[in-house]
There are 2 protein chains.
Amino acid sequence: MAPKSASARVPAPRWRRRAEARPEEILEAALAEFTAKGFEAARMEDIAKAAGLSKAAIYLYFPSKMALLEALIEAKVSPLAHQAATLAAAGQADPLTALRMLSTAIAALMADPKVVAVPRLVIGVCGRFPEIAEYYRVQVVAKARGALEQLIEAGVAGGKIRKVDAAAAVRAFIGPLLFEAMWTHVLKGETALNDPRKLIEQQFDVLLNGLEPRA
Amino acid sequence: MAPKSASARVPAPRWRRRAEARPEEILEAALAEFTAKGFEAARMEDIAKAAGLSKAAIYLYFPSKMALLEALIEAKVSPLAHQAATLAAAGQADPLTALRMLSTAIAALMADPKVVAVPRLVIGVCGRFPEIAEYYRVQVVAKARGALEQLIEAGVAGGKIRKVDAAAAVRAFIGPLLFEAMWTHVLKGETALNDPRKLIEQQFDVLLNGLEPRA
DNA sequence: TCTTTATAACTAACCGGTTAGTTAGTTGCA
DNA sequence: TGCAACTAACTAACCGGTTAGTTATAAAGA
């Protein structure tokens with residue numbers, strides 16, 4: 001019956017030991033599944049299949065489904081907020097230029113479904129897992145908001161920016177980008193994010209000069 | 001044992017026939033549950049209990065859980081978009097005032113968790129049910145967006161508004177409100193929506209005059 | 001170099017709990 | 001009496017997480 005080897009190759013091993021590469025692969029697969037189906041509807045089995053191992057193996061690296069989401073947030077957006085804060089801090093001398101650079105960077109990120117997926121997930125699960133919302137508020141959004149407000153205030157102090165309410169200015173800066181991201185990735189509408197230069201140019205025309213005709 | 005009635009009142013009926021009032025009550029309960037736990041995690045049993053009937057009875061009025069969400073969107077936000085469009089159309093003669101009024105109305109809506117809940121749900125389930133996203137894009141957002149753009153363009157044509165890109169102006173108008181709504185209801189942060197007058201005033205200072213110091 | 005031993009990495013199969021949706025029967029009301 | 005409105009009890013299926021067992025690989029001795 002069973003041909004006795006020799007001619008028969010060693011049958012390709014069913015799996016290989018690759019402990020180092022696993023966590024990242026699993027997270028990547030999880031992000032893809034979560035993005036496509038949402039957190040609750042995504043199945044661990046499918047994530048495992050996409051990552052090329054068994055469902056049980058996932059539990060060797062992550063204790064629960066929820067832990068996958070936490071790790072994703074940590075990995076994908078936490079550094080991002082930090083980077084934004086750094087950029088904002090570095091640009092205090094020339095706030096308008098810093099805002100422009102930030103805007104370009106953010107627009108590029110917003111165009112990437114993988115990046116937008118994370119806040120989308122947060123919106124989806126915040127009702128059930130308030131601690132996720134809390135983490136996101138404190139570690140990501142509040143941090144970025146604070147940095148931007150400082151940037152605005154520095155601009156006001158230096159006379160480069162009109163005396164405006166800092167919180168309102170930050171909303172006016174971030175809000176439109178958020179809106180376009182939702183339109184693009186949630187509603188799948190024709191997006192302006194494909195042409196970031198034009199988008200930024202138009203945004204800054206309104207942001208800097210306002211709607212009212214200048215005297 | 002069991003006291004033989006006579007003295008015992010007719011036991012309060014376990015339920016009453018109220019077919020007309022049911023659908024609305026069910027939808028209200030569903031919205032509350034969906035808001036608190038998200039679409040997937042909300043249980044039909046709990047919705048039924050909150051609406052004061054049995055789970056099976058829900059299926060006399062709605063064929064599926066998904067139908068509840070569809071009916072909710074139809075009932076809660078579709079008229080809202082229509083109203084926005086009407087207001088925008090009516091205000092073409094004085095676009096800036098119309099924008100102010102719209103802003104106030106929208107801020108009031110954004111402060112209401114029940115209203116924000118619906119778009120939140122859409123964001124959560126859009127991956128699994130693209131037709132929901134499609135409906136929402138076409139029937140709600142595109143409609144409102146279009147009306148606002150017309151309003152802006154009318155303002156530009158009449159000299160009341162600077163020559164700006166209409167889409168950018170709409171983003172600048174809506175984005176900040178959306179951002180604040182998410183901050184408030186998803187991240188549970190301290191909100192500016194509690195003081196709508198101040199919020200609108202600050203938003204319009206930036207929106208109309210921009211960030212750049214005026215000559 | 002060839003075993004032997006140890007263990008890290010992995011899988012197949014299962015379990016317990018959950019829940020959307022159904023059915024068969026009961027109750028209120030005209 | 002008849003029927004629409006309603007419920008209790010049920011089914012079927014799903015899925016997160018566990019467990020018992022298997023395989024790849026490395027290290028230690030001979």
Side-chain angles (χ1 to χ4, degrees), chain A residues 2 5 8-27 29-30 33-34 36-72 121 124-125 127-129 132, chain B residues 5 8-27 29-31 33-34 36-72 121 124-125 127-129 132:
Chain A
S5 76
R9 305 282 114 165
V10 266
R14 288 188 300 165
W15 46 266
R16 264 184 277 184
R17 312 182 68 178
R18 304 177 39 250
E20 279 85 55
R22 289 307 195 198
E24 200 172 349
E25 291 173 357
I26 293 170
L27 283 182
E33 289 293 318
F34 288 162
K37 309 197 190 148
F39 179 72
E40 329 262 352
R43 296 167 51 218
M44 292 298 270
E45 190 99 38
D46 291 344
I47 294 172
K49 197 167 290 179
L53 34 56
S54 70
K55 183 174 68 154
I58 293 183
Y59 288 91
L60 299 173
Y61 297 95
F62 299 94
S64 69
K65 195 182 184 183
M66 196 58 201
L68 284 178
L69 180 54
E70 279 163 5
L72 270 175
L121 288 169
V125 305
R128 283 230 287 171
F129 307 100
I132 288 280
Chain B
S5 77
R9 303 284 115 166
V10 266
R14 288 186 301 164
W15 46 269
R16 265 184 274 187
R17 314 184 65 179
R18 303 172 44 250
E20 279 85 57
R22 289 305 195 200
E24 200 171 348
E25 291 172 357
I26 293 170
L27 283 182
L31 179 56
E33 289 293 316
F34 288 163
K37 309 198 192 148
F39 179 72
E40 329 262 354
R43 297 169 49 223
M44 292 297 271
E45 190 100 37
D46 292 343
I47 294 172
K49 196 168 289 178
L53 35 54
S54 70
K55 184 175 69 157
I58 292 182
Y59 287 92
L60 299 172
Y61 298 95
F62 298 94
S64 69
K65 194 181 183 183
M66 196 57 203
L68 285 177
L69 181 54
E70 278 164 6
L72 270 175
L121 288 169
V125 305
R128 284 229 290 172
F129 307 101
I132 289 280

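Reminder, nothing fancy here: chain letters follow the sequence lines and each chain counts from 1. Only a predicted model underlies this, so the values are computations on that prediction, with no experimental measurement involved.
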Along DNA chain D (nearest heavy atom to each residue), the more 5'-positioned of A56(A) and G52(B): G52(B)

query: In whole Å, what is the span from the CZ atom of F62(B) to the P atom of dC6(D)?
result: 13 Å

task: List the steps, then state whether side-chain contact (heavy atoms from CB on, under 4.5 Å) holds for F39(A) with E40(B).
output: CA-CA 9 Å; F39(A) 179 72; E40(B) 329 262 354; over 6 Å; no

- prompt: Can you name the closest pair of heavy atoms from A51(B) and I26(B) and give their distance?
  reply: CB-CA, 4.1 Å

- line: L53(B) CG to dG28(C) C1', in whole Å, measures 15 Å

query: Between K55(B) and R43(B), is there a donor-acceptor pair closer than 3.5 Å when you use the side chain of the first and the backbone of the second?
result: no

task: Take the protein atom CD of E33(B) and the nucleotide atom C1' of dA20(C), then report the distance between them rounded to whole Å.
output: 15 Å

Rounded distance (Å) that lies between atom P of dA5(D) and atom CD1 of I26(B): 12 Å

query: Once you round it to whole Å, what is the distance between P of dA9(C) and CD1 of I58(A)?
result: 16 Å

message: Output one letter per nucleotide in nucleotides 11-17 of chain D: B when a protein non-hydrogen atom lies under 4.0 Å from the base, S when only the sugar-phosphate is that close, - when neither is.
response: ----SBB

- request: Find the distance K49(B):NZ to dA8(D):C1' and express it as a whole number of Å.
  value: 13 Å

task: Please report the closest heavy-atom contact between A71(A) and F62(A), naming both atoms and the distance.
output: CB-CE2, 3.9 Å

query: For I47(A) and A29(A), which heavy atoms make the closest approach, and how far apart are they?
result: O-CB, 3.6 Å

